[in-house]
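Read the structure below first, then the notes.
First the proteins, then the strands, lettered A, B, ... as listed; each starts at 1.
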Amino acid sequence: MSNQQSSVITPRAEDYSKWYNNIVKEAQLAENSAVRGCMVIKPHGYALWENMQAVLDKMFKDTGHQNAYFPLFVPKSLFEAEEKNAEGFAKECAVVTHYRLMTDPNDPSKLVVDPAAKLQEELIVRPTSEAIIWNTYRNWISSYRDLPILVNQWANVVRWEMRTRLFLRTAEFLWQEGHTAHETKKEAVEEAQRMQEVYARFAEDYMAMPVWKGRKSDSERFAGAEDTYTIEALMQDGKALQAGTSHFLGQNFAKAFDVKFQTNANKEEYVWATSWGVSTRLIGGLIMTHSDDKGLVLPPRLAPTQVMIVPIPKVNGELKEIAENLMTELKGMDVRVKADYDKKRSFGFKLNEYDLRGVPITIGVGKRDLENGMVQIARRDTLEKELVPLEGLAEYIKELLGQIQDNMFLKALRFRQAHTTEVNDYDTFKEVLESKGGFILAHWDGTEETEEKIKEETKATIRCIPMEGDLSEGVCMITGKPSAQRVVFAKAY
RNA sequence: CGGGGCGUGGCGCAGUCCGGUUAGCGCACCUGUUUUGGGAACAGGGGGCCGCAGGUUCGAAUCCUGCCGCCCCGACCA
């Protein structure tokens with residue numbers, strides 16, 4: 001089987017978009033569906049999402065949150081209550097107008113919408129759930145004793161995007177959205193920042209994807225928020241990806257939905273709110289941070305299968321027994337391990353397949369090396385191979401998984417460092433953006449006009465206004481006006 | 001919505017300009033045999049309303065008209 005194009009991946013350097021699509025398909029993460037802009041997440045992709053969910057869910061619970069579930073539909077009257085939010089999402093809403101179909105009078109084999117079944121009030125398919133949730137919270141809150149409310153939901157949402165891309169921007173996507181209600185502004189701001197920190201920790205410790213933490217500029221802020229905290233990652237093509245956002249919503253939704261509480265001084269006040277979310281887009285980020293021209297590369301902490309044992313070539317009793325023992329031992333150490341005894345496919349085919357699917361470690365168990373008490377270990381991140389003694393192998397593997405995790409983070413971090421540039425004038429800004437892309441740290445006068453001008457002329461946007469690092473003052477690279485601190489620019493997904 | 005490209009077995013394509021046997025190739029699939037240390041070989045086999053609808057013609061994947069869909073690049077966005 002030579003030159004099999006179903007598994008040839010377009011190199012990144014040749015066509016980055018194509019490469020990305022190839023990875024998604026060849027690693028069997030997802031595929032396009034019959035519904036425009038909506039993907040089918042395949043078992044391997046969904047297993048990855050489940051692992052991400054499990055970790056995040058625990059982090060949410062460890063910070064005091066509970067899960068709940070709210071409806072898919074939002075009555076239009078509720079949706080429009082918070083004006084800015086409604087305006088921000090209006091252009092990308094799917095709307096349910098009818099509740100019944102009927103046989104087409106002109107063609108009995110077809111169905112048409114029954115005009116008699118028009119809804120009195122349209123239902124919006126949620127693009128986000130603030131409206132329905134805050135309408136509910138009104139009934140849950142009357143006293144300061146009812147606060148805080150710390151609720152998260154795992155759900156799907158629909159945003160009718162003009163152009164979609166698998167995982168990065170689909171019309172329907174899976175996410176979690178936390179919605180919290182607080183007594184004071186201070187508490188709400190702290191909550192929003194806490195969840196930004198949770199996201200950053202998840203991205204770096206589990207996805208091995210370094211992120212910039214910061215706040216959004218006015219123009220990039222979430223519709224209806226007072227402040228948006230973001231984590232921004234850098235992809236291998238030099239473009240930024242907004243990987244998670246956490247919003248301080250002020251009292252906007254409390255006012256729109258009339259959610260008040262009585263303080264312990266018997267005064268009536270509006271509730272303070274936050275919302276925060278990450279989505280299946282993270283899988284896109286994961287792919288574009290680590291994967292190579294051979295396929296998917298997954299960090300061990302999230303990989304559905306961490307270790308694959310492949311007997312070479314004929315599975316006889318002895319090889320199988322060794323594989324089974326090793327598997328038992330590794331499972332006992334909480335390693336996600338599988339063995340491939342399929343006799344129909346060759347050793348080489350299998351290895352390529354697991355490289356494609358991003359399995360962090362494959363163990364080749366064969367007679368030749370076993371005579372010396374050795375097995376062949378191949379690590380996906382560096383593509384290095386080595387012979388390792390069977391004696392103490394489980395401990396070695398366990399240790400190696402940790403090393404791979406760390407190595408992937410460091411590699412991504414070095415890439416980001418190499419693609420983060422401090423510039424002081426607009427010409428250099430443009431030149432860096434063109435030549436190597438990445439994050440550019442520059443002074444900005446804080447006005448929307450300047451931001452807009454830069455976006456128009458270069459396509460770069462302010463990804464975030466950093467909250468840590470070098471926060472010294474300067475002058476705007478364009479207008480020369482005072483700048484409070486450098487901000488992070490990049491072209492973004 | 002603007003610009004570009006494309007619709008031919010599951011996937012990727014050739015054939016279309018210049019109409020003419022039974023529409024072809026690679027991969028995948030099925031059966032069998034030999035294989036298996038980085039994508040095995042051979043033999044046999046199955047699978048096509050050539051995107052849809054009209055039209056021209058003795059004859060259309062091919063020419064004409066209309067429609068539909070998909071992909072890529074922008075505008076919009078997590």
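Across all strands shown, the partner of rG24(B) is rC13(B), judged by Watson-Crick or G-U wobble contacts whose two distances both fall under 3.5 Å. Shown here, rC29(B) forms a base pair with rG45(B); the pair counts as Watson-Crick or G-U wobble because both key distances fall under 3.5 Å. Across every strand in view, rU56(B) sits unpaired, with no contact that passes the Watson-Crick or G-U test at under 3.5 angstrom. Within the shown strands, rG74(B) is the pairing partner of rC1(B) under the Watson-Crick or G-U definition, both distances less than 3.5 Å. When both distances must be under 3.5 Å, the Watson-Crick or G-U wobble mate of rC50(B) does not exist. Of all nucleotides present, none satisfies the Watson-Crick or G-U wobble test against rC18(B) with each distance under 3.5 Å. Base-pair partner of rG69(B): rC6(B) (Watson-Crick or G-U wobble, both distances under 3.5 Å). In this entry rA40(B) has rU34(B) as its Watson-Crick or G-U wobble partner, both defining distances falling under 3.5 Å.
Across all strands shown, F222(A) has no heavy atoms under 4.0 Å from either base or sugar-phosphate atoms. Residue-level contact check: K18(A) touches neither bases nor backbone, having no heavy atom under 4.0 Å from any strand. Across all strands shown, G366(A) has heavy atoms under 4.0 Å from base atoms, whether or not it also approaches the sugar-phosphate. Using a 4.0 Å heavy-atom cutoff across all strands shown, K459(A) reaches sugar-phosphate atoms only and no base atom. Among the protein residues, S17(A) comes within range of the sugar-phosphate backbone only, with heavy atoms under 4.0 Å from sugar or phosphate atoms but none that close to a base. L168(A) comes within 4.0 angstrom of a nucleotide base, judged by non-hydrogen atoms across all strands. The residue E161(A) sits close to a base: some heavy atom pair falls under 4.0 Å. Here T230(A) lies out of heavy-atom contact (under 4.0 Å) with every strand. Here N21(A) lies in heavy-atom contact (under 4.0 Å) with sugar-phosphate atoms only.
Rounded to whole Å, the separation between the C1' atoms of rG46(B) and rG51(B) comes to 24 Å. Between rG74(B) and rG15(B), the two C1' atoms lie 34 Å apart (nearest whole Å). The separation of rC63(B) from rU56(B), taken at their C1' atoms, amounts to 8 Å, rounded to a whole angstrom. Separating the P atom of rC52(B) from that of rA60(B) is a span of 15 Å, rounded to the nearest Å. Comparing rC13(B) with rC71(B), their P atoms sit 14 Å apart, to the nearest whole Å. Comparing rG7(B) with rA14(B), their C1' atoms sit 15 Å apart, to the nearest whole Å. Between rC42(B) and rG54(B), the distance separating the two P atoms is 46 Å to the nearest Å. Here the separation of rU21(B) from rC68(B), taken at their P atoms, is 34 Å to the nearest Å.
Within 6.0 Å of CD in E87(A) there are 12 or fewer heavy atoms belonging to other residues, nucleotides or ligands.
Atom CD1 of I9(A) and atom P of rG12(B) are 16 Å apart (whole Å). Straight-line distance from the CG atom of L356(A) to the C1' atom of rG39(B): 10 Å, rounded to whole Å. Protein atom NZ of K91(A) is 13 Å distant from nucleotide atom P of rA75(B), rounded to whole Å. Rounded to an integer number of Å, the gap from CD of E457(A) to C1' of rG74(B) is 17 Å. We find that CD1 of I312(A) is positioned 9 Å from P of rG37(B), with the value rounded to whole Å. Going from atom CD of E31(A) over to atom P of rC11(B) covers 10 Å, rounded to whole Å. What separates CD of E26(A) from P of rC27(B) is a distance of 16 Å, to the nearest Å. Between the C1' atom of rG39(B) and the CZ atom of R345(A) lies a distance of 10 Å, rounded to the nearest Å.
The side chain of E92(A) sits closest to rC76(B) out of rG38(B), rC76(B), rC72(B). Listed nucleotides rA40(B), rG37(B), rG38(B) differ in distance to A378(A); the shortest reach to its side chain belongs to rG38(B). Taking every side-chain heavy atom of K367(A) into account, rG37(B) is the closest of rC71(B), rG37(B), rA75(B).
Between R345(A) and D340(A) there is a salt bridge, since a side-chain N of the basic residue sits under 4.0 Å from a carboxylate O of the acidic one. Between R463(A) and E220(A), at least one side-chain N (NZ, or NE/NH1/NH2) sits under 4.0 Å from a carboxylate O, which counts as a salt bridge.
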Run the salt bridge (charged side-chain N to carboxylate O under 4.0 Å, His left out) check on R12(A) and D237(A) step by step: do they pass?
CA-CA 8 Å; R12(A) 284 161 289 186; D237(A) 62 346; over 6 Å; no
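Between F429(A) and W444(A), the ring center distance fails the sub-6.0 Å criterion. A ring-centre distance under 6.0 Å is found for F89(A) and F222(A).
Tested against V307(A) for a side-chain contact (heavy atoms from CB on, under 4.5 Å), the candidates V359(A), I397(A), I377(A), L400(A) yield a single pass: I397(A).
In the interface, the side chain of K350(A) is not paired with the base of rG39(B) through any donor and acceptor atom under 3.5 Å apart.
Each of F347(A) and A492(A) lies near RNA chain B, and the nucleotide nearest F347(A) is the one positioned closer to the 5' end.
Taking the six-membered ring where the residue is Trp, W19(A) and Y16(A) present tilted rings, their angle falling between 30° and 60°.
Residue S346(A) has no polar side-chain atom (N or O) positioned under 4.0 Å from OP1 or OP2 of rG39(B).
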